[in-house]
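Single-structure report; data block below.
What you are looking at is a predicted structure, and each value in this text was computed from that prediction instead of being measured. Letters A, B, ... are given to chains in the order of the sequence lines, protein chains preceding strands, and every chain is numbered from 1.
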Amino acid sequence: MSRYPFRDVEHRWQQAWKKAGCFKANHDPDRPKYYVLEMFPYPSGRIHMGHVRNYTLGDVVARFRRAQGYNVLHPMGWDAFGMPAENAAIENQCHPKEWTESNIAHMRDQLKAMGLSYDWDRELATCEPDYYKHEQKIFLDFLAHGLAYRKESTVNWDPVDKTVLANEQVVDGKGWRSGAPVERRKLSQWFLRITDFAEDLLSSLEKLNRWPERVRLMQENWIGRSQGAVIQFALQGHSDCLAVYTTRPDTVFGASFCAIAPDHPLASILAVNNPELASFIQECNRLGVSEEVIEQAEKKGVDTGLKALHPFIEGQTLPLYVANFILMDYGTGAIFGCPAHDQRDLDFARRYHLPVQPVVSPDGHPITIGESAFTGEGVAINSDFLNGLPSSQAKKAATDALVAKGLGTAETVYRLRDWGISRQRYWGCPIPVIHCPDCGIVPVPEDDLPVTLPEGDTGNFLETHPNWKHVSCPRCQGPAHRETDTFDTFFESSWYFNRFAGPCTEAPFNPQELAYWMPVDQYIGGIEHAVLHLLYARFFQRALRRCGYAISEQIIEPFSGLLTQGMVRHRTFRDTTGQWLYPENIHQQGHDWVTKDGQPVEAGRIEKMSKSKRNVVDPATILDSHGADTARLFMLSDSPPERDLEWSEAGIDGIWRYLNRLWRLVDQSANGLAKTKNKKPPLASPSVENLDQAALELLQATHKTIAAVKTDLESFRFNKAVARIRELTNRLEETDLDHFKITNGGAAVYRFSIETTLCLLAPMIPHFAEEGWKRLGYQTLLAQTAWPDADPNMIMDHQVTLAIQINGKLKTTLTVARDLTRPEIEKCALALEPIRQATDGKTIKRIIVVPERVVNLVI
RNA sequence: GCGGACGUGGUGGAAUGGGUAGACACGAGGGACUUAAAAUCCCUUGCCUGAUCAAGGCGUGCGGGUUCGACUCCCGCCGUCCGCACCA
C-alpha cells in the first residue's frame, strides 16, 4: 500500500517554490496588499510547538490571501537580543553573537523545513548593527523631542537577572522572566514618555475592531483612566498646600484625615525632626511589593502632628498622617480619607479612632457605617450645599465650588506610568549617550552611529568591560564615558514591522514602502504580549510620528487585525517515584499509560508545555517522523486558534492516517482519470448539462465546500474549514469512480472535485497538495494557482428538509421543493403518518411555518 | 475586591439575527483480512427503557422566566479560567 512519501516530497517543493520566487513580495500599487505577520521569535536555539502553531496559522493566512489575488507580504526575522545569549556565552566560553547567530542558522533551517511561505529576502536580526543603528537614531530623536528622559526613581529590580524591569514586566510582584520577587531600588534610569499618549492610546482602542475584545480591555485597564479632582488642602502653619487627588469629590464633607505616601517629599521633610516618623518611613521602604506582603500589611500610619484645613468647613482641621497604603506614583501621592465611603480609609480610621461621618446614602435617608464602607453612589447627605444631589451631580458641584474658591481643579489621572527602558545588560542595544563630567549628558553625534558592542570576552555587563566605555566627550573633547546600559529588548520589537515593509540603509524605514504595506493586516502571536509588546508598538508609532517620521494617520495603529493564539499543552507524566517523565517513550494501553519497557506511569493534568514538567515534544521529532504537513494540519484541525490545544500522539496519528487515505484517493483518481480527457483549465467548474443525479450532487457538494472554506478561513475558523474538507473527502471516498468515468460528464465532475480538495488544502498542507496537483497531471504550481470561486447557483438547494414539530418537539422531517407555498407545506406536513397519529382526535390550535426551516403544530 | 471570558457525549469541538443539538475528529467496543502483528477496510458509539425490533422518554453546569419553539434571550445561583489589584 503506497504511503505519502513526505521526506522526498517536502524538500522538492520547497526548492520549486524558491526557484519560482512564489513568496517574494514586490511593491505593486496596482494590486491590493495584505501584510501578514507573526510575532518574530527569540533565537533560543530550536523551535518549539508554540512556534509551530503560530507560524502555521500565519502561513495559512498568507497562502490563502495570496491565492485570493492579494499582494502578500509575509516576512520573518529574529528578536535577537536578550539574556539567554549572555548566559550561554559564559557557559560555552564564546561571544553571545556567535551563539545567537548559530541559533538563528539552525532555527531558520527548521522554519524552512516547515514549508513556511516567507519572503526570506527581508529577514532581519535585531542584534545586527545595521538594525540597531537605526533605533539608536530613533532614540536620539526621542531625546530631542523630549520623549526620552533620565530620572532618578524607585525602580523594580530583578535580583536574579540583575537588571531593572518595567512595570509591565512585573507580574504578581515577580520578574516576568526570572520569577524572582522584585526589589525596590533607587536608580537613575532612562524613560520613554508613553504617558504623553495615554489618552490617544486609550481612545484609539475602540477603532481596533479586529482585535480581540479581551486584549483591548486589558490595555484599557492597564492605561487605567480615572476622572476626579485635585484638591489643595491648606496646612496649618505652612505656606505650601497639600495637593490631594480624589475620584470622589462628592465625599469631601466626610473627610476625617489626610494621608501622604512614605516617599512623599513632605514626609521626608517632616521626618527630619521626627524620629518616630523617620523609622516608620524606613520600615515601609524595607517591605517588598509582592502580593503576599501587600495583602498582609495592615493599614498603618504615623500622625505628623500637622493639620490640614477643610476646604469648605470653616475651622475644621484634619490630622495629616504618613500612611503605608498610599502610593507615591499614583495621583499626587496624597489622599483625604473619607472612612464612611472607602474601605481602606475605614480600616485606618477604626485603628486610629478617627470620626466616621456618612455623607452618601443610597436613598437619601440617614445611614450608619459598621465594619464595611458604603462605596456605591447615592444621594449626598450631611454635606451642606451638596445635600440631596445624586453622586454624579454632587461630584460636579463640589468640583465647581473648589475651582471657584481657587482650591481645586478637575483632573484626569492615568494608571499608566512611563516606560523605563534602561537595562544593566551586555547583549542589548547600547544607549547612544555619553556622560561627561563637564557637559553632562551628551548624545552621541549621528555620524558616530552605530555605537556597537565590543567584541571579545566581555562578561555580562558593559559597565565592567575594561575599556569600552572610555571615550572623549563629543562636545569638550575631555575624558568622558559611555552610557553602559542597553535598551529593554522590547525596544527592538516596537518598530521591526515597519522595517520589514522595505529595508532601507539610510533611514529606519522607507516612506513609500511604509505607505504601501503598513499597517499589518493580520498580526498573530501570544496573548502574553497583550499589554507589553502590543502597547509599546502602538506607542512607538505615535512617538515616531511626533519626531517627523513618515507615520501617517492611516498607519498610526500598526496592527489592524490581531489574532492571539492559545498555548500548546500536553499531558504530564510521572513515574512511581514522582519524577516527571518525557512523553516520547510513553503510550496508552487501554485506559492506562505505560513506558515502552512496560513500567506503569501516572498520568497527570494536561498543562502548558514546560521544560520543568518535561511535558514537551520537540517539533523536530515530528517533522522527522511524520513530516511538516502532518504537524501543520494537526495544529489547525481540532481547536479554534485562540483556544489552548492539546498535543497528543494519537491526534498526530489520526492526521497521518487521513493524509494517507487522501494520498491513496489522489493516486487512484490520477490513475483512473488518466485516460479521460480534461478539456477545461484547472479548477473550472464543469457544465451541469445532462449530469446524472450523483454527479450533480457531488458538484453541488464541492461548491458548497468552496464557499464554506472561504468563509471559515477568512474568519480564522481553521478547525471548521478542515472539517468541511474532510466531509468532501469522505464523500469522494464513497464515490464510485468507475461509474463516474462512464457517465456523461462524470469524469469532469470528479476531477473538479478532487482538484478542489487539493486546492482548498494547499494553505494548510502545501507540500502534499502540490505533489497531488502534479500527480493529477499539472505542470503549473498550485502555489501560484488562484482560489476557486463557488458558483452561487450550485450552492442553492432546490429541495429543503423541514423539521416537523408538535409543540416544539421534533416528530419527523419533510423534504419538499424550496419554493413550495405555505398552504402546500401545511398540507404535506399534516399528511405525514407520524403526524396523523400524533394529532389524531386532537384540535390543532395553530400551525407555525418557518420557510426552509420548521413546521410547528400547536395542539 | 474590581473587570472579563467560559461551562455542550469518555475527549477536542460543531450548531447562536431562537427553528432537526452533537457536524468533523480522537478514544473505545465489535468484526473482516493475517500464522501473528502492523497497516487497511466495515459496523456500533449522548444517556435511559425496550430485545441490538417497533417505539418512547431524558438530555447543552443548576433553578426560574419569556416564547409555538431556548445550547442561543432575561433573572438568580454554582463552578472553572484569565487579567488587574492598597489606583484614592
Over all strands shown, is T801(A) touching base, sugar-phosphate only, or nothing at heavy-atom distances under 4.0 angstrom?
base
What is the ring orientation for H529(A) with H533(A), classed by angle as parallel under 30°, tilted 30 to 60°, or perpendicular over 60°?
perpendicular
Could you check whether T246(A) and R248(A), counting side-chain N and O atoms only, form a donor-acceptor pair closer than 3.5 Å?
no
Separation of rG12(B) C1' from R571(A) CZ (nearest whole Å):
12 Å
Base-paired stems in RNA chain B, each at least three Watson-Crick or G-U pairs under 3.5 Å
B:1-7 with B:78-84, B:10-12 with B:24-26, B:27-32 with B:40-45, B:46-49 with B:55-58, B:61-65 with B:73-77
Does R657(A) put a side-chain nitrogen or oxygen below 4.0 Å from OP1 or OP2 of rA38(B)?
no
Considering only atom P, compute the distance from rA25(B) to rC42(B) and round it to an integer number of Å.
12 Å
Would rG9(B) be called syn or anti here, given the cut-off of 90° from 0?
syn
Let me know which of P311(A), S383(A), P358(A) forms a side chain to side chain contact (heavy atoms under 4.5 Å, CB included) with F253(A).
S383(A)
Take the angle between the ring planes of H341(A) and F374(A) and call it parallel below 30°, perpendicular above 60°, tilted in between.
perpendicular
Within this structure, what is the CD-to-P distance between Q227(A) and rC87(B), rounded to whole angstrom?
19 Å
Side chains of Y658(A) and S637(A): is there a donor and an acceptor less than 3.5 Å apart?
no
How would you label the contact of I655(A) with the nucleic acid (heavy atoms, under 4.0 Å): base, sugar-phosphate, or nothing?
nothing
Check ion pair E213(A)-R216(A) (N to O, under 4.0 angstrom)
yes
Give a yes/no on whether any side-chain N or O of Y330(A) is located under 4.0 angstrom from OP1 or OP2 of rA88(B).
yes
Decide, yes or no, whether a salt bridge links R214(A) with E220(A) under the criterion of side-chain N to carboxylate O below 4.0 Å.
no
Atom CD1 of I806(A) and atom P of rG57(B): how far apart are they, to the nearest Å?
11 Å
Taking N or O atoms only and anything under 3.5 Å, show me the protein contacts with nucleotides 1-9 of chain B, one pair per line.
none

Could you state the atom-to-atom distance from OH of Y321(A) to P of rA88(B) in whole Å?
23 Å
Could you give the distance from CD1 (I859(A)) to CD1 (I847(A)), rounded to the nearest 0.5 Å?
11.0 Å
Does rC87(B) have its OP1 or OP2 closer than 4.0 Å to a side-chain nitrogen or oxygen of R344(A)?
yes
For residues T801(A) and T815(A), is any side-chain donor paired with an opposing acceptor at under 3.5 Å?
yes
Which heavy-atom pair separates A261(A) from I326(A) by the least distance, and what is that distance?
CB-O, 3.3 Å
Could you tell me whether the phosphate oxygens of rC68(B), OP1 or OP2, come under 4.0 Å of any side-chain nitrogen or oxygen in R846(A)?
yes
Using a cutoff of under 3.5 Å, can you pull out all pairs of nitrogen or oxygen atoms linking the protein to nucleotides 21-24 of chain B, with atom names and distances?
{"residue": "rA23(B)", "atom": "O2'", "partner": "E727(A)", "partner atom": "OE2", "Å": "3.2"}

Quick check for you: among rG13(B), rG19(B), rA88(B), whose closest atom lies nearest to any side-chain atom of S639(A)?
rG13(B)
